[in-house]
Amino acid sequence: MNILLAGGAGYIGSHTAVELLNSDHDIVVVDNYSNSDPSVIDRIKEITKKDFKSYEADIRDKKNLEKIFKENKIDGVIHFAGLKAVGESTKMPLAYYRNNIDTTLTLLEVMEEFKVNKFIFSSSATVYGEENKVPYGEDMPRGKATSPYGWTKIMMEQILEDAARANTDLSVIILRYFNPIGAHKSHLIGELPSGIPNNLMPYVTQVAIGKLPKLTIYGGDYDTPDGTCRRDYIHVVDLARAHVMAVEYAKDKKGVDIFNVGTGSPYSVLDIVKAFEKANGLKINYEIGDRRAGDLQDSWADVQKIEKVLGFKTQYDLVDMCKDSWEWEKNIKNISL
Ligand code: NAD
Ligand code: UD1
């Protein structure tokens, strides 16, 4: 199939591009590079030894998007293009609602115009909110988000469900990502946070390399075995592979399907720090600080549905996640940006 990757130059999009190309799908990448670098396109080509078309464009620019759909025979869309910094979204809520919801609406409108009916959406574990109990199952009701970013995901899931109800030819696959970390084994692509990272793993790697002096662990008094929060970390290449399986599943499907994409195994913040130290033979300077507002104590997935329906199984463990995150961090300086 020929899949348009909206936001395909970003962290998860670039890894998915590699996995799709390696599975003999064709891709077209559309990105405005607001949170990525155009050089990633060449690095995807270098890893896969395959060529594809890419466009620098804002997904919200409908005329331009129509032109792209006219120039390419698109079979399906994966929508990664969004703003994703939780803290920033509380300061710039309108920018988050405008970008995240407009990109989704514009894609759906243009897809309808060109009779493209396969849509895969990057959602987040954040939609479970505070109300549900771990492990989160797809049939639980969406909760209340703790940030405008989270609300955009909840709203977009609702929009997609309504769109699929009205257009019965539409196939929507909502992938609720848990915590992706790691990088491609080539260490040519990975996560490139702008400014000081908000997320745990890029913070750890930047402390390890000396860009940041110390990691603050947000809270040591949670009701968990070591007092720190637990999350479901998944290797980004496994997450990317789930998209390939979703594309193949969408071929013969209509309506909406929701899948958690995680490992189902929770690790605490301290587990991650210790695993990173052990995997890479390093010491991380850290202290236990106050809790971070909006953090949940626990978040992990029930992965039975994705295992059963898509046949998805993760291939990489926590050691891979820690090693690949570190190798990528060390390689960033060698990559011309
Ligand atoms: P990312 O920022 O690395 O990638 C997003 C890409 O979209 C970037 O390349 C950016 O330039 C592009 N983009 C943003 N707005 C655009 C627009 N209007 N037009 C064209 N391009 C645009 O983020 P990521 O980590 O790869 O996340 C991808 C998706 O997955 C996002 O929707 C994010 O909310 C969701 N998600 C991410 C995580 C995570 O931990 N990384 C977790 C859950 C969900
Ligand atoms: C966060 C977002 C979530 C989003 C996801 C991916 C919040 C409340 N949640 O998830 O909506 O989908 O990122 O972008 O922001 N930690 C530290 N020190 C740090 C950084 C993190 O102790 O410097 C801890 C956190 O408290 C948390 C764990 O590490 O317990 C993971 O944090 P993070 O990587 O930010 O992911 P989430 O909070 O799970």
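Atom set for the values below is all heavy atoms of this structure, side chains included, hydrogens, waters and symmetry mates excluded. Keep in mind that what you see is a predicted model, and the values were worked out from it rather than measured. First listed ligand is number 1; within each ligand, the first listed atom is number 1.
Looking at T126 against ligand 2, only its side chain comes within 4.0 Å, counting heavy atoms. Only side-chain heavy atoms of L215 come within less than 4.0 Å of ligand 2; its backbone N, CA, C and O stay farther off. Counting heavy atoms under 4.0 Å from ligand 2, residue Y177 does not touch it at all. When non-hydrogen atoms are compared, ligand 2 lies under 4.0 Å from the side chain of V269 (C-beta onward) but not from its backbone. With a 4.0 Å cut-off on non-hydrogen atoms, Y233 touches ligand 2 through its side chain and not its backbone.
Closest to atom 12 (O) of ligand 2 among all protein heavy atoms lies S124 OG, 3.0 Å. Distance from atom 18 (N) of ligand 2 to its nearest protein heavy atom, with residue and atom name: T216 O, 2.8 Å. The protein heavy atom nearest to atom 14 (O) of ligand 2 is N199 ND2, 3.7 Å. In this structure, the protein non-hydrogen atom closest to atom 19 (C) of ligand 2 is Y218 CE1, 3.3 Å. Closest to atom 26 (O) of ligand 2 among all protein heavy atoms lies D295 OD2, 2.6 Å. The single protein non-hydrogen atom nearest to atom 32 (O) of ligand 1 is K153 NZ, 2.9 Å, given as residue, atom name and distance. Summary of contacts: the protein heavy atom closest to atom 34 (O) of ligand 2 is L200 N, 2.8 Å. Scanning the protein for heavy atoms near atom 9 (N) of ligand 2, the closest one is V86 CG2, 3.9 Å.
Note: no N/O pair closer than 3.5 Å links A9 and ligand 1 by distance alone. Looking at ligand 1, you won't find any N or O of Y177 less than 3.5 Å from one of its N or O atoms. Checked by distance only, ligand 1 and S124 stay at 3.5 Å or farther apart across all their nitrogen or oxygen atoms. In terms of polar-atom proximity, S36 is counted as a contact of ligand 1, with an N or O under 3.5 Å from an N or O of the ligand. Taking only nitrogen or oxygen atoms, main chain and side chain alike, V30 does not reach within less than 3.5 Å of ligand 1. Between S123 and ligand 1, a contact under 3.5 Å exists for no N or O pair. Remark: ligand 1 and A81 share no N or O pair separated by less than 3.5 Å (distance only, no angle test).
Cation-pi geometry between R176 and F259 is not met: the NZ or CZ atom fails to fall both under 6.0 Å from the ring centre and inside 45° of the normal. Taking the ring centre of Y286 as origin, the terminal cationic atom of K214 falls outside the region bounded by 6.0 Å and 45° from the ring axis.
For the residue pair K323 and N280, no side-chain donor N or O sits within less than 3.5 Å of a side-chain acceptor on the partner. Using modelled atom types and a 3.5 Å distance limit, the side chains of N117 and S171 yield no donor-acceptor pair. Judged by distance alone, the side chains of D162 and Q158 do bring a donor and an acceptor atom under 3.5 Å apart. For the residue pair H235 and D324, a side-chain donor N or O sits within less than 3.5 Å of a side-chain acceptor on the partner. Between the side chains of Y149 and E88, no donor N or O sits under 3.5 Å from an acceptor N or O. At a cut-off of 3.5 Å, with distance as the only test, no side-chain donor of H25 or S23 sits close to an acceptor on the other residue.
The atoms of ligand 2 that sit less than 4.0 Å from any heavy atom of I217 are 22 (O). Heavy-atom proximity to N179, at under 4.0 Å, picks out these atoms of ligand 2: 36 (O), 37 (P), 39 (O). Residue N198 approaches ligand 2 through these ligand atoms, each under 4.0 Å from one of its heavy atoms: 20 (C), 35 (O). Close approach to C229 involves these atoms of ligand 2, each under 4.0 Å from a residue heavy atom: 30 (O). For ligand 1, the atoms closer than 4.0 angstrom to any heavy atom of S122 are 29 (C), 30 (O), 32 (O), 35 (C).
Side-chain atoms of I306 and N260, non-hydrogen and from C-beta on, never get closer than 4.5 Å to each other. In this structure, the side chains of Y136 and D302 stay at 4.5 Å or more apart for every pair of heavy atoms. Residues I332 and L192 are in side-chain contact: their nearest non-hydrogen atoms beyond the backbone lie under 4.5 Å apart.
Contact annotation: G294 has at least one heavy atom less than 4.0 Å from an atom of ligand 2.
Of the candidates R231, R292, Q297, M201, R292 brings a heavy atom nearest to atom 35 (O) of ligand 2. Of the candidates M201, K84, R98, it is K84 that places a heavy atom closest to atom 24 (P) of ligand 1. One option in N35, N32, D37, I78 has a heavy atom closer to atom 20 (C) of ligand 1 than any other, and that option is N32.
A salt bridge does not link D298 to R231: none of the charged nitrogens lies less than 4.0 Å from a carboxylate oxygen. The pair R142-E131 does not count as a salt bridge, with every side-chain nitrogen at least 4.0 angstrom from each carboxylate oxygen.
No donor-acceptor pair under 3.5 Å is formed between the side chain of N64 and the backbone N or O of A57.
Classified by interplanar angle (parallel below 30°, tilted 30° to 60°, perpendicular above 60°), the ring pair F114/F69 is tilted.
Interatomic distance, L239 CG to R241 CZ, rounded to the nearest 0.5 Å: 10.5 Å.
Aromatic pair Y177/H243: ring centres closer than 6.0 Å.
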